[in-house]
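Take a look at the structure set out below.
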2 protein chains.
Amino acid sequence: MTAPPKASGHASPSEAGAQPWSERARTELRRAGYRRGGAREQLINLLARERCALTVQEMDGRLQEAYRQGASPRPVGIASVYRGIELLVELGLVARVDVGDGIARYERASVEHGGENHDHHHHHFICDRCGLIVPFDDQPLERAIVALEDRVGFAVSGHEVLLHGSCSDCRDTRR
Amino acid sequence: MTAPPKASGHASPSEAGAQPWSERARTELRRAGYRRGGAREQLINLLARERCALTVQEMDGRLQEAYRQGASPRPVGIASVYRGIELLVELGLVARVDVGDGIARYERASVEHGGENHDHHHHHFICDRCGLIVPFDDQPLERAIVALEDRVGFAVSGHEVLLHGSCSDCRDTRR
DNA sequence: TTCCGTGCAAATCTTTTGCACGGTC
DNA sequence: GACCGTGCAAAAGATTTGCACGGAA
């Protein structure tokens, strides 16, 4: 857990309009009292570009490559990736997804507050044989979960559904 | 992935009757060609006793304590816990649950084949503030997932639902 | 000018692997 | 008697932390 520097403004999430995720992320960071920095900025841009979950290794790899191609003045350290991700998760801007292989993955969180602007809310199917991860969404499932959230005695802030099994390729190739 | 020693019998799951989980586990292990061993046996008994997810550290701690109290001739090494768990997961007898703190948890898997004997199938609510894990089950949710499983183009062998949020204690104690 | 954000390297923690011995089949 | 299962210790990864410097406010 990180201690916010000084937290100048109010802490409630902004109106969460139809603005792109990267804008929302920058706004929330500033609102929470964080300064702007090069590594964090590159991380946001990277996550904004991706739809589905990435590992820290993958993020680091892409940032290294961007550096090699002259896109940034200095290399982004992997520690900064971890620190940036941790912060974004704390602020609810990024969701962590554990598919069961012991490596954490992260993707931008969709806006869930108003119910509108589900800017790509989805869940994951995992092939336990080859590791393939396929995103999917399903409205009936979402409805069932929302209904359930009201019934349980907790303040639910997010949910995650994982389907494990075999993808079509692996099913055919019966080992 | 572990290579089965010799795999004497057929590999399909047994009829999965109303027998206790520990019995089923021992049967499946034998059926898959594995021998019986002290550490594995103690691990099965431990998991059979627990309803919800345990970390490897927790399992190891309880086995150490059992040893100190003379319940076993020699201490169970943590490597054997990892190896035993891996095997049980492979055979579908144990399910891995990742709640998002980077530490793997394991609990016995319920029988899902016939639909009967759901011997404690459940999902988890996680308090992201204090780490509390609360199991819950919900029939409408299960129905939605089963319906979805038929619709996706994969062979789904299991599913997991995680609700993140704040438990009543943490919600009251607004930090 | 102050204090935060960052890169680098070391430290920590979880999980895996190598090896030799004792037990199961 | 052959080969598997296990404990111990070392190794391998993933993630976190300490520290000094450059940049944002």
Side-chain angles (χ1 to χ4, degrees), chain A residues 1-9 26 29-44 54-61 63-64 66-67 72-91 96-106, chain B residues 1-9 25-26 29-44 54-61 63-64 66-68 72-91 96-106:
Chain A
M1 186 75 84
T2 324
K6 57 176 183 179
S8 54
R26 276 184 274 266
L29 282 168
R30 195 175 330 120
R31 185 183 302 257
Y34 293 97
R35 292 182 186 177
R36 201 158 171 163
R40 210 176 269 166
E41 192 65 21
Q42 288 190 57
L43 183 60
I44 289 174
L54 289 176
T55 67
V56 170
Q57 298 294 331
E58 288 165 344
M59 294 188 248
D60 188 55
L63 293 177
Q64 295 300 321
Y67 163 69
S72 63
R74 73 189 63 260
V76 172
I78 200 169
S80 293
V81 178
Y82 277 107
R83 281 187 281 232
I85 278 290
E86 178 191 15
L87 183 53
L88 293 169
V89 169
E90 263 173 41
L91 293 179
R96 171 179 175 143
V97 182
D98 282 299
V99 303
D101 62 356
I103 303 174
R105 278 158 223 273
Y106 302 88
Chain B
M1 187 75 82
T2 325
K6 57 178 183 179
S8 54
R26 276 184 274 265
L29 282 169
R30 197 175 327 121
R31 184 182 304 255
Y34 292 97
R35 293 183 183 176
R36 201 159 173 163
R40 209 175 270 167
E41 193 64 21
Q42 288 189 57
L43 183 60
I44 289 174
L54 288 176
T55 67
V56 171
Q57 297 294 329
E58 288 166 343
M59 293 187 249
D60 188 55
L63 294 177
Q64 294 301 320
Y67 163 69
R68 265 184 256 108
S72 62
R74 73 189 65 257
V76 172
I78 199 168
S80 294
V81 177
Y82 277 106
R83 281 187 280 232
I85 279 291
E86 178 191 15
L87 183 53
L88 292 170
V89 168
E90 261 172 43
L91 294 179
R96 171 178 176 145
V97 182
D98 281 299
V99 302
D101 61 357
I103 303 174
R105 278 158 225 273
Y106 302 89

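Order of the sequence lines sets the chain letters (A, B, ...), proteins ahead of strands, with each chain counted from 1. These values consider heavy atoms only, across backbone and side chains, with no hydrogens, waters or symmetry-generated copies.
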Expected output: side-chain B:Arg96 to main-chain A:Asp101 donor-acceptor under 3.5 Å: no
Worked check of side chain to side chain contact (heavy atoms under 4.5 Å, CB included) between B:Leu63 and B:Tyr67: CA-CA 6 Å; B:Leu63 294 177; B:Tyr67 163 69; over 6 Å; no
5' priority, DNA chain D, between A:Val56 and A:Arg74 [closest heavy atom]: A:Val56
Integer-rounded Å distance: D:dG13 C1' and A:Asp60 CG: 14 Å
Nearest listed nucleotide, side chain of B:Ala104, among C:dT15, C:dC8, D:dG7: C:dT15
Rounded distance (Å) that lies between atom C1' of C:dT6 and atom OH of A:Tyr34: 15 Å
Any B:Tyr82 side-chain nitrogen or oxygen under 4.0 Å from OP1 or OP2 of C:dT16: no
Distance in angstrom units between B:Leu29 CG and C:dT24 P, rounded: 15 Å
Gap between atom CD of B:Glu58 and atom CD1 of B:Ile103 - 0.5 Å precision: 8.5 Å
Degree of bending in the helix from C:dT1-D:dA25 to C:dC25-D:dG1 once both end axes are built from five pairs, to 10°: 40°
Sugar-phosphate only, base, or nothing, as touched by A:Ala79 at under 4.0 Å among non-hydrogen atoms: base
B:Arg40 (side chain) donor-acceptor with B:Arg35 (main chain) under 3.5 angstrom: yes
Phosphate-side-chain proximity, A:Arg35 and D:dA25, N/O vs OP1/OP2 below 4.0 Å: no
Interatomic distance where CD1 belongs to B:Ile103 and P belongs to C:dC13 [whole Å]: 11 Å
Protein-nucleotide distance (A:Asp101, atom CG; D:dG13, atom C1'), rounded to Å: 12 Å
Sub-4.5 Å side-chain heavy-atom contact between A:Met59 and A:Val56: yes
B:Tyr106 OH - C:dT14 P separation (whole Å): 13 Å
Step-by-step side chain to side chain contact (heavy atoms under 4.5 Å, CB included) determination, B:Gln57 to B:Ile78: CA-CA 8 Å; B:Gln57 297 294 329; B:Ile78 199 168; 4.1 Å; yes
A:Glu41 or B:Ile78, whichever maps to the more 5' nucleotide of DNA chain C: A:Glu41
Atom-pair distance (CE on A:Met59; C1' on D:dT15), nearest Å: 12 Å
Most 5' of A:Val76 and B:Gln57 on DNA chain C, judged by nearest nucleotide: A:Val76
Residue-phosphate contact under 4.0 Å: B:Ser80 side-chain N/O, D:dG7 OP1/OP2: yes
For atom CG of B:Leu87 and atom C1' of D:dC4, their distance in whole Å: 12 Å
Sugar-phosphate, base or nothing in reach of A:Gly84, heavy atoms under 4.0 Å: nothing
Closest to the B:Arg40 side chain, choosing from C:dC8, D:dA24, D:dG5: D:dG5
Minimum heavy-atom distance between B:Asp98 and A:Gly100, given as atom pair plus value: OD2-CA, 3.4 Å
Polar side-chain contact B:Arg83-D:dG7 base: donor and acceptor under 3.5 Å: yes
Beyond-backbone contact of B:Leu43 with B:Val76, side-chain heavy atoms, under 4.5 angstrom: no
